[in-house]
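The structure appears below as structure tokens.
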Amino acid sequence: MSETSRSLNFIEHIIEEDLSKGFPENKLRFRFPPEPNGYLHIGHASSICLNFGLGLKYEAPVNLRFDDTNPSKEEQEYVDAIKRDVSWLGFEWDTECYASDYFQQLYDWAIILIKQGKAYVDSQSSEDIALQKGTPTEPGKASPFRNRSVEENLQLFEDMKDGKFKEGEHVLRAKIDMASSNMLMRDPIMYRILHKPHHRTNTDWCIYPMYDWTHGESDYIEQVSHSFCTMEFAMHRELYDWFLDQVVKETKVRPKQREFARRNFSHTVVSKRKLLKLVESGVVTGWNDPRMPTISGLRRRGYTPESIKAFANTIGIAKRDNVVDVSLLEFHVREHLNKIAPRVMAVLNPLKLVITNYPEDQEEWLEAENNPEDEAAGSRKVPFSKELYIEQEDFREEANRKFFRLKLGGEVRLKNGYIIKAESCTKDTNGNIIEVQCTYDPKSKSGSGTEESLRKVKGTLHWVSVKHAIQAEVRLYDRLFTEETPDTHQEKDFMDFINPDSLKVINAFLEPSLASAEVGEKFQFQRMGYFNVDKDSTPEKLVFNRTVGLRDTWAKLQVKN
RNA sequence: UGGCCUAUGGUGUAAUUGGCAACACAGCUGGUUUUGGUCCAGUCGUUCUAGGUUCGAGUCCUAGUAGGCCAACCA
């Protein structure tokens, strides 16, 4: 689809309208402003694609700005992870910025506000301040310190900065309107004292600016034209504008905040607080656990940047509440992986198959196509012999016509190999089938062109030669939560809905070509799904993650019956 | 009981700004296929409610209903 024919989302409409009203296109500038207090998740991917996508569309710079005003939650590890994730998605930021770079400017502006009588030092406890704030239906009451003299405010604020007070002793507040229907306008706090080292400014500061005082001014300093954030900040816009009013010069671009709805996804949570809890409680192995909806988790799971970006484009951007079904994300990985992933054969649940009329010591290396979707992918050889593994689910003693797989007396093709017929099977003392005996038609070899090779049989099975197979650990993932919306129940905690079977580790048998597979490499295990090599993998012990299964109409039929 | 935001198929978004409600996913039915994959064809189903303006309303107005957000020295 061409860029020009695509319909615009409401954000693009806003930009187009500004442009048509005369805003110069070369002054367009955007930013992606994460707080480095956790890893980026799939919801952030939407925001990243929005902002950087806009940058690409209008050839405008996009800054990566870390909103690092709270040293008690923020860490360098998160900064590094965020940069890695944005880059991995394929975006390039214009300037790497930090709100902490603006601490001095913010401080200087705060002094001006104090001098203008628009800010004051409040020396009450946070409890008292909260009490005076009123409620949504009742106006707040003025602080007894609201009318301190400018001189006193200046002195106190300087002393705050100089570390003469303990945490919580004083705060700097903007003097706005204690009766505003918008609670955020009731003299919001601009600075608090925090005797904590910051990951960038270390102990240079012991007063830290609050979000509202920082964000709009940072946008202004960077000359960001359009500042997009999620809906929960809608009420903050009035304050954003008020703070901007105090500093803007008409010769410069005045940033405009607009809000869009955050993305919710079925069967998972997307809130850094909740994701942190999953990490800290040990439910998952870390922020990059393949079950996590984080960008690092998806990357490790085997998702591609292309698939995530295509997904983000498809779900678009709007203002209403939403729950995006994971199947849409899965569709996009399958779509991409189908085009690029080499096909290989791997047996996840082995059942031994013995070809009774195949010579004991014979082996053949059969030609196998690497990717039917990509001729350039070429082909490889896979070893065939008398004893093979097939999937347990692919054999039944008896079955109806709907079962296209192997059954006693029935025929099936072994992918890239021969047509076989099941003759008998043996069971253990518990009645479990442990081996199937079959015969093969030597003339039916795939690609040989013989009449027999052209015969149509309904089923085709993947297989692996027992003697040539290599073993690997395979990690099968399922959704992390059993509930579609685990965090929307009033009485239950989202942790109550954790799926105990979200990870299943098995030992699988793979065709030998996989021995040299490298970390991150992606494959389609034919008829099984898409898999990639996990970072835990070593040449001695391969480890694969299942990214996503294939679309499985057979499984659907089974569920119905 | 205050303020702000939102409401279009099962899900997510569109609708040339007042002019035949469209796209993708999911579902269902067939076809092709040496992957029950891919691909192809078909099918299902929608403007929260009630009024109003208009030749004409998803779009504008009024009232209602439902959902989300707001009383952190978090962002």
Side-chain angles (χ1 to χ4, degrees), chain A residues 1 6-9 13 33-35 37 67-70 72-74 122 125-126 129-131 133-140 167-173 180-184 186 189-194 207-208 210-212 214-215 229-238 259 261 263 266 272-273 311 313-332 334-335 338-339 343 345 369 372-373 402-405 412-417 419 446-447 453-454 456-462 524-529 549-557:
Chain A
M1 179 144 41
R6 216 191 80 226
S7 57
L8 305 180
N9 61 46
H13 279 295
E35 181 191 10
N37 66 341
D67 226 332
D68 55 350
T69 57
N70 186 358
S72 54
K73 284 186 182 171
E74 297 150 6
D122 197 340
S125 68
S126 64
I129 290 175
L131 246 35
K133 202 146 200 189
T135 69
T137 49
E138 312 158 32
E167 288 185 15
E169 272 189 78
H170 307 278
V171 290
L172 184 73
R173 289 228 257 171
S180 172
S181 60
N182 183 351
M183 303 284 292
L184 292 160
R186 324 245 260 225
I189 292 168
M190 294 172 68
Y191 277 94
R192 76 287 213 192
I193 299 168
L194 244 34
I207 54 170
Y208 290 92
M210 300 289 288
Y211 166 84
D212 289 297
T214 310
H215 204 91
C229 59
T230 44
M231 294 293 288
E232 59 267 33
F233 292 98
M235 296 295 290
H236 293 246
R237 189 151 109 199
E238 191 180 357
E259 310 82 19
R263 289 299 173 182
S266 66
K272 280 191 272 189
R273 203 201 93 235
F311 168 73
N313 280 332
T314 302
I315 62 176
I317 205 88
K319 295 182 83 164
R320 54 178 163 171
D321 291 333
N322 57 81
V323 181
V324 182
D325 201 297
V326 282
S327 66
L328 193 49
L329 218 205
E330 292 178 343
F331 163 79
H332 284 285
R334 288 197 189 102
E335 186 184 46
N338 177 50
K339 291 200 189 83
R343 317 288 137 123
M345 293 197 284
E369 195 179 16
E373 304 297 314
K402 286 276 180 66
F403 187 76
F404 301 161
R405 308 177 181 192
V412 93
R413 173 172 293 279
L414 293 176
K415 179 83 183 169
N416 306 311
I419 294 174
S446 288
S453 74
L454 267 16
K456 298 286 177 198
V457 286
K458 194 61 191 169
T460 301
L461 308 185
H462 64 280
Q524 184 197 97
F525 288 0
Q526 279 181 118
R527 304 209 302 136
M528 294 284 103
L550 257 26
R551 198 165 148 262
D552 193 347
T553 43
W554 169 241
K556 280 175 204 156
L557 277 174

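Every value quoted in this text rests on a predicted model; they were computed, and no experiment measured them. Proteins get letters first, then strands, A, B, ... in listed order; numbering begins at 1 in each.
Summarising the geometry, the separation between CZ on A:Phe331 and P on B:C23 is reported as 15 Å, rounded to the nearest angstrom. The distance from atom CG of A:Asn338 to atom C1' of B:C25 is 16 Å, rounded to the nearest whole Å. The nearest whole Å value for the distance from the CG atom in A:Asn322 to the P atom in B:G9 is 13 Å. The distance between atom CG of A:Asp325 and atom P of B:G27, rounded to the nearest whole Å, is 10 Å. For the pair A:Phe525 CZ and B:G36 C1', the interatomic distance rounds to 20 Å; values are reported in whole Å. The nearest whole Å value for the distance from the CZ atom in A:Arg334 to the P atom in B:A24 is 18 Å. Following rounding to the nearest Å, A:Leu329 (CG) and B:G12 (C1') show an atom-to-atom distance of 12 Å. For the pair A:Leu328 CG and B:A26 C1', the computed distance is 9 Å after rounding to whole Å.
Taking the C1' atom of each, B:U43 and B:A26 are spaced 14 Å apart, rounded to whole Å. Here the separation of B:G58 from B:C20, taken at their C1' atoms, is 14 Å to the nearest Å. The separation of B:G27 from B:G9, taken at their C1' atoms, amounts to 12 Å, rounded to a whole angstrom. One C1' atom belongs to B:C5, the other to B:G37, and the distance between them is 44 Å to the nearest Å. Taking atom P in both B:U49 and B:U65, the straight-line distance is 15 Å, to the nearest Å. Spacing between B:G67 and B:C28 at atom P, rounded to whole Å, works out to 32 Å. Comparing B:G42 with B:A24, their P atoms sit 12 Å apart, to the nearest whole Å. B:G45 and B:A50 have their C1' atoms separated by 25 Å, given to the nearest Å.
In this structure the side chain of A:Leu550 reaches within 4.5 angstrom of the side chain of A:Gln524, judged on heavy atoms.
A donor-acceptor contact shorter than 3.5 Å is absent between the side chain of A:Arg192 and the backbone of A:Gly168. Counting only distance, with no hydrogens or angles, the side chain of A:Asp325 and the backbone of A:Ser266 share no donor-acceptor pair below 3.5 Å. Formation of a donor-acceptor pair under 3.5 Å by the A:Arg413 side chain with backbone atoms of A:Ser453 is found in this model. One N or O on the side chain of A:Arg186 and one on the backbone of A:Ser180 form a donor-acceptor pair closer than 3.5 Å. Here the side chain of A:Glu74 pairs a donor or acceptor atom with the backbone of A:Asn70 at under 3.5 angstrom.
Annotated as syn: B:U17, whose O4'-C1'-N torsion sits within 90° of 0.
Contact annotation: side chain of A:Glu238 to base of B:G3, donor-acceptor pair absent below 3.5 Å. A donor N or O paired with an acceptor N or O is found under 3.5 Å between the base of B:G36 and the side-chain atoms of A:Arg405.
Not counting sequence neighbours, the partners of A:Lys272 by the side-chain hydrogen bond (donor to acceptor under 3.5 Å, both in side chains) test are A:Asn37. A:His462 is linked by a ring-ring contact (aromatic ring centres under 6.0 Å, His included) to nothing, counting only residues two or more places apart in sequence or in another chain. Residues meeting the ring-ring contact (aromatic ring centres under 6.0 Å, His included) test with A:Phe403, sequence neighbours left out: A:Trp554. For A:Glu259, the salt bridge (Lys or Arg N to Asp or Glu O under 4.0 Å) partners at least two apart in sequence or on another chain are A:Arg237. Residues that satisfy the salt bridge (Lys or Arg N to Asp or Glu O under 4.0 Å) test with A:Arg173, not counting sequence neighbours, are A:Asp122. Considering only residues two or more places apart in sequence or on other chains, A:Glu167 meets the salt bridge (Lys or Arg N to Asp or Glu O under 4.0 Å) condition with A:Lys196. Scored by the side-chain hydrogen bond (donor to acceptor under 3.5 Å, both in side chains) test, A:Thr135 finds A:Thr137 as partners (sequence neighbours excluded). A:Arg343 pairs by the salt bridge (Lys or Arg N to Asp or Glu O under 4.0 Å) definition with nothing, not counting sequence neighbours.
Considering only side-chain atoms of A:Ile315, the nucleotide from B:G12, B:U35, B:G36 that sits closest is B:G12. Comparing B:G37, B:A14, B:U1 by their closest approach to the side chain of A:Arg551 singles out B:G37. Closest to the side chain of A:Arg263, from the set B:G12, B:C4, B:U35, is B:G12.
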| task | Verify side chain to side chain contact (heavy atoms under 4.5 Å, CB included) between A:Met345 and A:Asn416, making sure each step is shown before the conclusion. | result | CA-CA 10 Å; A:Met345 293 197 284; A:Asn416 306 311; 4.1 Å; yes

| task | Just do the side chain to side chain contact (heavy atoms under 4.5 Å, CB included) check on A:Asn322 and A:Ile315 with the steps written out, would you? | result | CA-CA 10 Å; A:Asn322 57 81; A:Ile315 62 176; over 6 Å; no

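Looking at heavy-atom distances under 4.0 Å, A:Gln524 makes contact with a base. Note on A:Ile317: only backbone sugar-phosphate atoms sit closer than 4.0 angstrom, heavy atoms only; bases stay farther off. A:Phe403 comes within 4.0 angstrom of a nucleotide base, judged by non-hydrogen atoms across all strands. Within the nucleic acid shown, A:Leu550 comes within 4.0 Å of at least one base atom, counting heavy atoms only. Across all strands shown, A:Leu8 has heavy atoms under 4.0 Å from sugar-phosphate atoms exclusively, and none from any base.
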| In the 5'-to-3' direction, what one-character label does each nucleotide of nucleotides 28-34 of chain B receive under the scheme B = base within less than 4.0 Å of a protein heavy atom, S = sugar-phosphate only, - = no such atom? | SS----B

| query | When you check every protein heavy atom under 4.0 Å of nucleotides 66-75 of chain B, what one-letter string (B, S, -) results, 5' to 3'? | reply | -SS-SB-BBB

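Residue ring and base: A:Phe404 counts as stacked with B:G36 (centre distance below 5.5 Å, interplanar angle below 30°).
Here the shortest heavy-atom pairing between A:Asp67 and A:Tyr211 reads OD2-CE1, 3.9 Å.
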| message | In dot-bracket form, 5' to 3', how is RNA chain B paired? Count Watson-Crick and G-U wobble pairs only if both distances fall under 3.5 Å, and write | where the partner sits on another strand. | response | .((((((..((((.....[..)))).(((((.......)))))....(((((..]....))))))))))).....

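In terms of position along RNA chain B, the nucleotide closest to A:Ser327 lies nearer the 5' end than the nucleotide closest to the other residue of the pair A:Ser327 and A:Glu335. Each of A:Gly459 and A:Gly316 was matched to the nucleotide of RNA chain B holding its nearest heavy atom; the match closer to the 5' end belongs to A:Gly316.
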Enumerate the protein-to-nucleotides 18-22 of chain B contacts in which both atoms are nitrogen or oxygen and the separation is below 3.5 Å.
none

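For the pair A:Arg527 and B:G36, the criterion of a side-chain N or O lying under 4.0 Å from OP1 or OP2 is met.
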